[in-house]
Amino acid sequence: MLFPAYRPRRLRSSENIREIVQETRLSISDFVYPMFVVPGTKVMEAINSMPGIFRQSIDNAINEIKEINGLGIRAVLLFGIPESKDEFGSKGYDENGIIQRAIRKIKEEVTEVLLITDVCMCEYSSHGHCGIIRNGRVHNDETLQYLARIALSHAKAGADIVAPSDMMDGRVGVIREALDENGFDNVGIMSYSAKYASAFYGPFRDAAQSTPQFGDRRGYQMDPSNVREALREISLDIQEGADIVMIKPALSYLDVIKAAREEFDYPIAAYSVSGEYSMVKAAGGFGWIDETKVMMEILTAIKRAGADILITYFAKDAAMVLNTSKR
Ligand code: PBG
């Protein structure tokens with residue numbers, strides 16, 4: 001049927017019609033809220049490049065988790081920033097490390113939380129790389145046992161899902177095996193499967209103090225030019241035992257999300273990273289864009305592309321919008 005018999009505008013003519021034909025709906029249960037925990041008590045340090053996001057001690061983090069629970073958000077992605085760093089990132093698998101203490105305490109005090117933990121070495125290593133350095137390079141196979149140890153220490157502390165973000169080859173398999181051998185077959189793996197070497201991580205590296213001290217991450221993170229390679233990475237992670245696969249960043253990689261959605265029937269997470277958040281906050285702060293509307297539009301786009309799970313620093317703000325809109 002063609003114009004004038006068919007008129008697409010008919011379905012846009014009122015709020016009620018628009019709502020009933022809406023194809024993509026954001027839901028608070030899609031969101032995962034990333035948080036940064038630091039040692040100490042009553043610590044609440046603003047991260048300059050990420051307005052509204054803080055480095056917090058465990059006590060304050062627990063308060064915020066209770067607050068987001070009140071908004072309906074259940075899932076949190078936890079990053080730890082240790083008291084000290086060394087070449088082997090040994091605080092990353094210390095059973096009394098910041099993240100392990102945080103996991104135990106959060107699980108003690110909040111029942112309604114799905115705790116996902118970042119498994120990587122860059123926040124814990126003095127050189128800021130995501131693995132063990134040999135001859136000036138990140139050594140893949142030597143790094144694997146460390147990642148398995150980190151993941152296992154999180155599981156022992158009570159993590160529900162571990163999320164390896166290092167991009168070493170073979171790590172999902174090694175982590176799955178370590179978890180299973182130790183009786184943690186119920187702990188899931190959300191793998192950063194297609195993680196690109198992206199300049200959008202800039203503000204995060206300030207937040208986590210994890211900027212590499214030499215070189216960059218292009219030797220292990222993916223080239224932004226590639227999409228077929230992302231599908232190979234995802235396929236390997238699924239074969240190795242990933243339960244959820246992730247694409248990161250989100251906004252500049254919607255085509256990757258879409259391609260993955262078409263190819264795989266596993267849950268897909270998309271991480272809308274620090275730089276995506278900071279850009280919107282900055283432009284919003286200047287009054288150049290309507291921050292709230294742009295935020296909702298971006299999150300909707302990521303979901304429309306095919307993501308099931310949205311990891312976003314906007315989780316709280318977006319939940320408030322969803323809670324107050326009539327939907
Ligand atoms: C650590 C890690 C990074 C992010 C999540 N986990 C940074 C990096 O790889 O440099 C980035 C998150 C963000 O920018 O919000 N491996």
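Just so you know, these numbers come straight off a predicted model, no measurement behind them.
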*Interatomic spacing from OH in Tyr93 to CG in Leu152 - rounded to 0.5 Å*: 13.0 Å

*How far does CG of Leu236 sit from OG of Ser193, to the nearest 0.5 angstrom?*
9.0 Å

*Answer whether the closest heavy-atom distance between the side chains of Met295 and Thr292 falls below 4.5 Å.*
yes

*Between Phe314 and Tyr277, how do the two ring planes meet: parallel, tilted or perpendicular, split at 30° and 60°?*
tilted

*asked:* Could you measure the distance from the CD1 atom of Ile161 to the CG atom of Asn186? Nearest 0.5 Å is fine.
replied: 11.0 Å

_Gln56 side chain to Glu64 side chain, donor-acceptor N/O pair below 3.5 angstrom_ = yes

_Tell me the closest heavy-atom pair linking Val174 and Leu144, and the distance in Å._
CG1-O, 3.9 Å

*Does the side chain of Ile106 come within less than 4.5 Å of Leu115's, by heavy atoms?*
yes

*Taking only Lys NZ, Arg NE, NH1 and NH2, and the carboxylate oxygens of Asp or Glu, determine whether Lys91 and Asp86 approach each other closer than 4.0 Å.*
no

*Do His129 and Tyr220 meet the criterion of a side-chain donor-acceptor pair at a distance under 3.5 Å?*
yes

*Criterion side-chain hydrogen bond (donor to acceptor under 3.5 Å, both in side chains) on Asp166 and Tyr192, from CA distance to verdict*: CA-CA 8 Å; Asp166 50 280; Tyr192 289 68; over 6 Å; no

*Same apolar cluster (I L V M F W Y, side chains within < 4.5 Å links), Leu310/Leu71*: no

*asked:* If only side-chain N and O atoms count, and only distance matters, is there a donor-acceptor pair under 3.5 Å linking Thr41 with Asp59?
replied: no

_Among Asp160, Ile62, Val76, which residue satisfies the side chain to side chain contact (heavy atoms under 4.5 Å, CB included) criterion with Val113?_
Val76

*Test item: side-chain donor near acceptor, Ser153 and Gln100, under 3.5 Å*: yes

_Would you say Met279 ends up clustered with Ile53 if hydrophobic residues are merged whenever their side chains have heavy atoms under 4.5 Å apart, either directly or through other cluster members?_
yes

*Are Glu297 and Lys293 ion-paired here, with the side-chain N under 4.0 Å from a carboxylate O?*
no

*Of all the heavy-atom pairs spanning Val280 and Ile289, show the shortest one and how long it is.*
O-CD1, 3.8 Å

*Give the C-alpha distance, both sets of side-chain angles, the deciding distance and a yes or no for salt bridge (Lys or Arg N to Asp or Glu O under 4.0 Å) between Arg74 and Glu112.*
CA-CA 6 Å; Arg74 293 282 171 268; Glu112 284 299 301; 3.3 Å; yes

*Salt-bridge criterion met for Asp317 and Lys281 (N-O under 4.0 Å)*: yes

_So that I can tick it off, tell me whether Asp308 and Arg261 are bridged by a salt bridge, with the cut-off set at under 4.0 angstrom between side-chain N and carboxylate O._
yes

_Heavy-atom neighbours of Lys66 NZ exceed 12 at 6.0 Å_ = yes

What pairs of donor and acceptor atoms, side-chain ones from residues 225-234 against any protein atom, are under 3.5 angstrom apart with sequence neighbours left out?
from   : atom 1 : to     : atom 2 : distance (Å)
Ser225 : OG     : Asp223 : OD1    : 2.9
Asn226 : ND2    : Glu229 : OE1    : 2.6

*Should we say atom CZ of Phe214 is surrounded by more than 12 heavy atoms from elsewhere, each under 6.0 Å from it?*
yes

*Aromatic Phe31 / basic Lys316 pairing, under 6.0 angstrom, 45° off normal*: no

*Between Lys42 and Ser57, which heavy-atom pair has the shortest distance, and what is it?*
N-OG, 3.0 Å

*Say whether Tyr33 and Phe54 are linked into one hydrophobic cluster, either directly or through other cluster members, by side-chain heavy-atom distances under 4.5 angstrom.*
no

*Verify the neighbour count for atom CD of Glu67: are there more than 12 heavy atoms of other residues, nucleotides or ligands below 6.0 Å?*
yes

*With the 4.5 Å side-chain cut-off for hydrophobic clustering, are Met320 and Val32 part of the same group?*
no

*Cluster question for you: counting only ILVMFWY and a side-chain heavy-atom cut-off of under 4.5 Å, with indirect links fine, are Met44 and Met35 together?*
no

*Flag yes if more than 12 heavy atoms outside Lys107 fall under 6.0 Å of its NZ atom; otherwise flag no.*
yes

*Provide the closest heavy-atom pair for Ile244 versus Ala269 in the form atom of the first, atom of the second, distance.*
CG2-CB, 4.0 Å

_side chain to side chain donor-acceptor pair (under 3.5 Å) pairs, two or more places apart, involving residues 141-151_ = Arg134-Glu142

*May I ask you to check whether over 12 heavy atoms, not counting those of Asn48, lie within 6.0 Å of atom CG?*
no

*Test the Lys248-Phe200 pair against the cation-pi criterion, namely NZ or CZ under 6.0 angstrom from the six-membered ring centroid and within 45° of the ring axis.*
no

*At their closest point, which heavy atom of Ile116 faces which heavy atom of Ala163, and how far apart are they?*
CG2-CB, 3.9 Å

*For Asn96, which residues count as a side chain to side chain donor-acceptor pair (under 3.5 Å) partner, sequence neighbours excluded?*
Arg104

*Run the ring-centre check on Phe79 versus Phe204 and record whether the distance is less than 6.0 Å.*
yes

*asked:* So which atom in Ile17 and which in Arg12 form the shortest heavy-atom distance, rounded to 0.1 Å?
replied: CG2-N, 4.3 Å

